[in-house]
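Notes follow once the structure below has been shown.
Because only heavy atoms are used, hydrogens play no part in the values below, and waters and symmetry mates are left out as well, while side chains stay in. In each ligand, atom 1 is the first atom listed, and ligand 1 is the first ligand listed.
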Amino acid sequence: MRNILKLLAGLSLVVTFLMVQSCGTTAEHKALIITGQNNHNWEKSSIIIKDILDQTGIFETEILLSPPAGESMSGFLPEFNKFEVVILDYNGDPWPDKAKLDFVDYVKNGGGVVIYHAADNAFPEWKEYNEMIGLGGWGNRNEKSGPYYYWKDGKMIKDTSPGKGGGHGARHPFLVINRDTEHPVTRGLPEKWMHSEDELYSWLRGPAENINVLSTAYSDSTKGGSGREEPVLFTISYGKGRVFHTVLGHCGKGDDAPAMHGAGFITTFQRGAEWAATGNVTLAIPDNLPNSVSVVIWDKLSPLTVEELLQKAGKYNIGMSRKYLADLTERIRRVSDDPGELKKYENKLLKFLDSDATTDSKNYVMKELSWMGTETSIPVLEKLLKSEDTAEMATFALKRIKSE
Ligand code: ZN
């Protein structure tokens, strides 16, 4: 009897463990990052991509390293079929024929693929791969690889004129324009958004068949670019498979990878990966995305919480960058039709005014309160009347609140 009880107790433990496991994780999609050879800092970029995907909670991501450049590739046989989406952060030696055949089969039969930045430099000689990526660059690509493909007069055009495939000017922040705003990846995102400092791949060429351009960016010839509106995000259908191609996200050997920390890069990468895996996007639109004027950087690869944002904003002094203040304003504006949400912000701002935040940041916050504050704000503002540095703005805010 005692043994049976022990057994039952053991079983229920197992059951509980399984239940906790299945409730605790919502990762629905298995993702594989392939890297190990790249003319970029793949050691860093692959970890960042894994973070970007895993932070969504819907991916469980593994990284597979190829043998180092120049070593035998014969044993490199990824098990693509175990994954719903394969992300290529790879630009290196050719794969063995078996791996190439397996990959083509995987995609043809409905597998998802994300082509990331220099992965479109890879495999210039592999016909099927070039069909999958739509457009590529470098590796002696030229008119034999296919046409140039860029946005002109309101549509994408193919340009068969001869010339090299692939190039970019100096790194800089640039404006991305979503041309297809109804695609699951871009639907609900700002139509125009500033991308953080990055290389803008230009003069790409390739088969460009079954391709749907989601976004373009102007490649400025004064910065060494092509003078064309170049495609930066696009999808390709290949058999039953879906390919999401982002040319964004340069990660150099010594830099902090600003391109990979841009909110627009991260958001489109996550959504593109989900779309490649499933054909749909369920991820919510994040809180603070860039607009057509300002870049938004997510240091932790995810948006700051309001508390984190206020903490950063609280260090503001006149003359410093106002980006955290601007972000705060933007977030409050976005809920301006929702009294319940405004009230939550009001409470947080009042706590802020009571903290050791700088005078300049408090004055800024009082200006916000002046239009959205209620009588709850009055006692806190009255307290700020007593200090010379804050009296003027407190008077202004009180007057506006009381007159409403
Ligand atoms: Zn690069």
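Ion pairing of Lys383 with Asp354 is present here, as a side-chain N (NZ or NE/NH1/NH2) and a carboxylate O approach within less than 4.0 Å.
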Cut-off 3.5 Å, no hydrogens considered: what does the side-chain donor-acceptor table look like for residues 74-85, sequence neighbours left out?
residue: Ser74; atom: OG; partner: Ser72; partner atom: OG; Å: 3.0
residue: Glu79; atom: OE1; partner: Lys82; partner atom: NZ; Å: 3.3
residue: Glu84; atom: OE1; partner: His29; partner atom: ND1; Å: 3.0
residue: Glu84; atom: OE2; partner: Lys30; partner atom: N; Å: 3.2

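For the Zn ion (ligand 1), the nearby protein N/O/S atoms, meaning those under 2.8 Å, are His40 NE2, His117 NE2, Glu199 OE1, His250 ND1.
Judged by distance alone, the side chains of Ser302 and Gln55 do bring a donor and an acceptor atom under 3.5 Å apart. Between Glu230 and Ser226, the side chains place a donor N or O and an acceptor N or O closer than 3.5 Å (distance only, hydrogens not considered).
The salt bridge (Lys or Arg N to Asp or Glu O under 4.0 Å) contacts involving residues 172-182 comprise Arg179-Glu229, where partners must be two or more places apart or lie in separate chains.
Taking the salt bridge (charged side-chain N to carboxylate O under 4.0 Å, His left out) definition, one finds that Arg322 meets it with nothing, sequence neighbours left out.
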